[in-house]
Amino acid sequence: MVQLAGGQIELRELEFTDWAGVHAYASLEIACRYQPWGPNTEEESQAFVREAVEDGAQTPRTRFVFAIVPHNTGKMIGAGELNIRDRTNRNGEIGYIVHPDYWGRGIATEAAVLLTDFGFQALRLHRIYATCDPRNTGSAKVLTKLGMTQEGRLRDTLLLRDGWRDSLLFGILEEEWKSSAAGKV
């Protein structure tokens with residue numbers, strides 16, 4: 001089991017019993033307004049966690065899904081994910097979500113840093129990228145703080161409840177991460 005520790009949070013691998021924690025944010029319209037899923041039913045939250053746990057048991061492993069847990073509470077307040085998208089070319093993708101009650105505290109940024117560090121150090125990736133809805137300025141700020149470069153805009157990449165969504169594409173290369181990694185967490 002992989003566990004990653006930061007200053008105010010830890011990331012621990014998702015367990016099936018975390019479904020209620022996932023549902024606490026995934027059932028909220030505000031938390032999933034830029035996503036192609038949600039608001040979730042209990043069954044949808046359980047299915048997500050079940051799939052994440054099953055994917056974590058695959059060999060070779062390409063998906064790592066973590067519960068975001070503040071040190072001072074022990075309570076799951078979000079999730080972070082790293083997917084190996086291309087093993088040959090060492091490309092990975094990160095994503096994260098935090099319960100709205102915890103927005104504005106640097107938790108998403110810290111989770112993104114931990115995921116990126118894990119990708120470059122443990123998984124030896126060469127490039128890590130992330131996408132976000134152009135309206136999601138908070139997520140774009142997280143990715144910029146992480147040292148990612150906005151590489152472009154992908155048009156009509158996801159179908160949401162209110163129509164097609166563009167995605168901003170951000171990326172960071174291993175050498176860029178190495179030169180900016182000191183003192184992130």
Side-chain angles (χ1 to χ4, degrees), residues 1-6 9-70 73-87 91-103 107-112 114-116 118-119 122-123 125 128-136 138-140 142-143 154 156-170:
M1 292 283 285
V2 178
Q3 190 166 331
L4 311 171
I9 62 169
E10 73 175 34
L11 301 183
R12 62 160 175 76
E13 291 201 60
L14 208 61
E15 302 167 353
F16 184 73
T17 54
D18 290 321
W19 78 264
V22 168
H23 192 66
Y25 60 79
S27 62
L28 302 175
E29 174 67 34
I30 192 169
C32 54
R33 67 181 165 204
Y34 302 125
Q35 303 301 326
W37 52 266
N40 281 8
T41 64
E42 287 186 358
E43 292 76 21
E44 289 168 328
S45 294
Q46 290 172 359
F48 165 77
V49 174
R50 187 176 299 107
E51 182 180 293
V53 170
E54 289 171 1
D55 288 349
Q58 298 296 314
T59 303
R61 188 168 180 185
T62 59
R63 186 178 187 204
F64 298 82
V65 184
F66 298 94
I68 299 174
V69 182
T73 68
K75 175 183 173 185
M76 179 193 181
I77 61 162
E81 186 162 344
L82 188 147
N83 289 280
I84 300 171
R85 296 297 188 198
D86 181 342
R87 194 172 295 282
N91 279 270
E93 178 182 15
I94 63 166
Y96 45 82
I97 187 166
V98 175
H99 192 290
D101 289 350
Y102 297 87
W103 289 356
I107 291 170
T109 301
E110 188 171 334
L114 290 170
L115 291 167
T116 304
F118 174 66
L123 302 178
L125 296 175
I128 296 176
Y129 67 92
T131 62
C132 72
D133 189 302
R135 299 169 292 178
N136 191 346
S139 191
V142 166
L143 298 172
L154 306 171
D156 284 359
T157 57
L158 289 174
L159 181 59
L160 304 184
R161 294 165 295 289
D162 62 348
W164 286 100
R165 174 197 117 168
D166 289 358
S167 293
L168 298 179
L169 175 64
F170 291 81

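Bear in mind that the values here come from a model prediction, so they are computed numbers and not experimental data.
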Give, for atom NE2 of H23 and atom CG of D18, the distance between the pair rounded to the nearest 0.5 Å.
14.5 Å

Report the residues that fulfil side chain to side chain donor-acceptor pair (under 3.5 Å) with H99, sequence neighbours left out, ordered by chain and then residue number.
none

Under the side chain to side chain donor-acceptor pair (under 3.5 Å) test, which residues partner R85, sequence neighbours left out?
E93

Hey, what do you get for CG (L168) to CG (L143), rounding to the nearest 0.5 Å?
9.0 Å

Side-chain contact, heavy-atom cut-off 4.5 Å: Q3 with E10?
yes

Apply the test side-chain contact (heavy atoms from CB on, under 4.5 Å) to residues F170 and T131: give CA-CA distance (whole Å), side-chain angles for both, the deciding distance (0.1 Å), then the verdict.
CA-CA 6 Å; F170 291 81; T131 62; over 6 Å; no

What is the minimum heavy-atom distance between V65 and A52, and which atoms define it?
CG2-CB, 3.7 Å

Do D133 and L160 touch side chain to side chain, with heavy atoms closer than 4.5 Å?
yes

The salt bridge (charged side-chain N to carboxylate O under 4.0 Å, His left out) partners of D162 (sequence neighbours excluded) come to R135

Does N40 have any side chain to side chain donor-acceptor pair (under 3.5 Å) partners at least two apart in sequence or in another chain, and if so, which?
S45

Contact check, side chains of D166 and D156, non-hydrogen atoms, under 4.5 Å
yes

Those residues that, when tested against A108, pass side-chain contact (heavy atoms from CB on, under 4.5 Å) (two or more places apart):
Y96, V98, V142

Any non-hydrogen side-chain atom of P36 less than 4.5 Å from a side-chain atom of L159?
no

I97 CD1 to I77 CD1 distance, which is reported to the nearest 0.5 Å
11.5 Å

Under a 3.5 Å distance rule, please check whether E44 uses its side chain to pair with a backbone N or O of T41 as donor and acceptor.
yes

Holding to ring pair (Phe, Tyr, Trp, His ring centres under 6.0 Å), I want the full list of residues that pass it with Y25, two or more places apart in sequence or in another chain.
none

When rounded to the nearest 0.5 angstrom, what distance separates CD in E51 from CG in L14?
11.5 Å

Listed partners of Q35 passing side-chain contact (heavy atoms from CB on, under 4.5 Å), at least two apart:
C32, W37

Please step through side-chain contact (heavy atoms from CB on, under 4.5 Å) for the pair R63 and E81, ending with a clear verdict.
CA-CA 7 Å; R63 186 178 187 204; E81 186 162 344; 2.6 Å; yes

About how many Å separate CD1 of I128 and CG of N83, when rounded to the nearest 0.5 Å?
11.5 Å

Please walk me through it: do I68 and L11 pass side-chain contact (heavy atoms from CB on, under 4.5 Å)?
CA-CA 5 Å; I68 299 174; L11 301 183; 3.5 Å; yes

Of all residues at least two apart in sequence or in a different chain, which pass the side-chain contact (heavy atoms from CB on, under 4.5 Å) check with N91?
D86, N89, R127

According to salt bridge (charged side-chain N to carboxylate O under 4.0 Å, His left out), does anything in residues 20-43 pair up with another residue at least two apart or in another chain? List the pairs.
E29-R161

By salt bridge (charged side-chain N to carboxylate O under 4.0 Å, His left out), which residues pair with E13, not counting sequence neighbours?
R61

Where is the tightest heavy-atom contact between P100 and I30, given as atom of each residue plus distance?
CG-CG2, 3.6 Å

Side chains of T157 and S167: is there a donor and an acceptor less than 3.5 Å apart?
yes

Who passes side-chain contact (heavy atoms from CB on, under 4.5 Å) against T73, sequence neighbours left out?
P70, K75

Output yes when a side-chain donor or acceptor of R165 lies under 3.5 Å from a complementary backbone atom of Y34, and no otherwise.
yes

So OG1 of T116 and CG of L82: to nearest 0.5 Å the spacing works out to 7.5 Å

Hey, do the aromatic rings of F118 and F64 have their centres closer than 6.0 Å?
yes

Which residues pass the side chain to side chain donor-acceptor pair (under 3.5 Å) test with T17, not counting sequence neighbours?
none

